[in-house]
Amino acid sequence: MVTDGRGWLRAGYWLVTLAGIAVYAFLALPVLVIVLSAFSPEAYPQFPPQGFSLRWFSALLDDAGWRESLNISVILLLVVTPVTVVLGTFAAWALARLEFRYREALQAFILSPLMIPQVVLGIALLYVLTAAGIAGMISGLVIGHIVVALPYVVRTVSVSLAAMDRRLEAVAMSLGAGRWYTFRHVTLPLIKPGMLAGAVFAAVTSFGEVSVSLFLSAPDTISVPVRIFNYVDQTFDPTVNAISVIFIVIAVLILMVIEKTIGLVKIL
């Protein structure tokens with residue numbers, strides 16, 4: 001009986017292991033196909049490639065349109081991420097620490113972009129920003145991306161605020177520290193993991209945002225995801241695979257830096 005029990009446990013262990021390997025392989029296979037196809041010398045994506053070539057990376061760098069879109073995406077990333085983290089942190093702190101009427105309604109309003117279909121949100125922003133005269137401008141894209149990314153920061157910072165011991169703030173203020181001093185020197189260091197997680201989510205959301213950007217873009221403010229969307233619809237060559245490989249490498253490098261300096265477990 002003991003032997004039979006151990007046999008079943010061993011069989012279950014191998015079944016779970018094989019299931020895990022199958023899941024990881026299923027998730028990694030699309031990335032592997034994209035990476036290998038990007039180095040194909042042929043004029044169309046081919047897997048497995050029949051040779052090795054940097055032809056499509058060179059074509060990507062030589063294309064002024066792709067370079068312009070990359071500049072737009074980088075600008076959006078550098079502006080949207082810090083602004084969203086600041087706004088989201090203060091919003092989460094106000095929702096968690098201040099008592100005022102309609103607090104739940106305000107929280108639901110801030111988090112509503114998570115529930116509203118992106119197409120509906122894009123149309124609504126198009127109407128509002130057109131009336132304001134900034135639709136199709138980089139400032140309009142910044143506003144649109146902030147609206148989409150803000151709920152992620154609010155949620156992650158709210159989790160950190162809920163987990164921290166509020167008595168530490170009370171002790172600081174009882175020793176003479178003001179509310180602003182306490183927020184800067186006590187609260188912020190304790191909720192830093194939530195802020196970093198929010199920054200990661202805001203950056204990823206902004207850099208990969210398509211639905212809202214389609215409505216708010218103009219010919220001279222096309223981000224990389226929108227250009228990829230249009231390119232796939234009109235052309236079928238591995239240039240898109242090449243830009244995808246660059247994104248994958250950047251993402252892996254960022255994750256490695258975060259893991260070495262902070263630790264992924266602390267922010268995810």
Side-chain angles (χ1 to χ4, degrees), residues 30-31 33-45 53-85 113 118-119 121-150 152 199-255 257:
V31 177
V33 171
I34 289 175
V35 171
L36 294 181
S37 298
F39 296 96
S40 173
E42 304 297 332
Y44 54 88
S53 174
L54 298 177
R55 168 185 177 183
W56 302 110
F57 291 91
S58 177
L60 179 67
L61 297 176
D62 293 338
D63 192 312
W66 283 108
R67 292 200 305 271
E68 182 180 357
S69 293
L70 185 59
N71 290 335
I72 295 294
S73 291
V74 170
I75 292 173
L76 289 172
L77 180 69
L78 296 178
V79 175
V80 170
T81 301
V83 172
T84 305
V85 170
Q118 296 289 295
V119 174
L121 187 61
I123 295 174
L125 286 170
L126 177 62
Y127 286 148
V128 172
L129 297 181
T130 300
I134 57 175
M137 299 173 61
I138 189 70
S139 56
L141 281 172
V142 168
I143 293 174
H145 285 207
I146 290 175
V147 170
V148 174
L150 184 63
Y152 296 99
V200 172
F201 281 116
V204 171
T205 301
S206 175
F207 207 65
E209 216 295 312
V210 178
S211 301
V212 171
S213 300
L214 278 172
F215 291 94
L216 304 181
S217 296
D220 57 343
T221 56
I222 298 178
S223 61
V224 171
V226 175
R227 186 169 293 277
I228 290 175
F229 181 85
N230 295 330
Y231 198 86
V232 171
D233 185 54
Q234 302 169 4
T235 312
F236 194 66
D237 64 42
T239 304
V240 172
N241 299 47
I243 190 69
S244 299
V245 169
I246 294 176
F247 283 178
I248 292 171
V249 171
I250 293 175
V252 171
L253 291 177
I254 291 175
L255 290 176
V257 171

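Residues take their numbers from the sequence shown, with the count starting at 1.
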_Applying side-chain hydrogen bond (donor to acceptor under 3.5 Å, both in side chains) as the test, list every pair that has at least one member in residues 69-80; sequence neighbours left out._
S69-R227
*Among all residues two or more places apart in sequence or in another chain, which pass the side-chain contact (heavy atoms from CB on, under 4.5 Å) test with V74?*
L70, L78
*After noting the C-alpha distance and the side-chain angles of V119 and F215, does the key distance pass the side chain to side chain contact (heavy atoms under 4.5 Å, CB included) rule?*
CA-CA 9 Å; V119 174; F215 291 94; 4.0 Å; yes
*Taking every non-hydrogen atom, the tightest pair across L216 and G144*: CD1-CA, 4.0 Å
*asked:* So, taking the atom named CD1 in I228 and the one named CH2 in W66, what distance separates them when rounded to the nearest 0.5 Å?
replied: 5.0 Å
*Applying side-chain contact (heavy atoms from CB on, under 4.5 Å), name anything that partners S213, two or more places apart in sequence or on another chain.*
L141, H145, E209, S217, S223, V226
_Once rounded to the nearest 0.5 Å, what's the spacing between atom CG of D220 and atom CD1 of I72?_
7.5 Å
_ring pair (Phe, Tyr, Trp, His ring centres under 6.0 Å) partners of F207, counting only residues at least two apart_ = F247
*Nearest-0.5 Å distance that lies between atom CD1 in I146 and atom OG1 in T81*: 9.5 Å
Which donor-acceptor pairs under 3.5 Å do side chains of residues 126-139 form with protein atoms, sequence neighbours excluded?
unit_1	atom_1	unit_2	atom_2	d
T130	OG1	L126	O	2.5

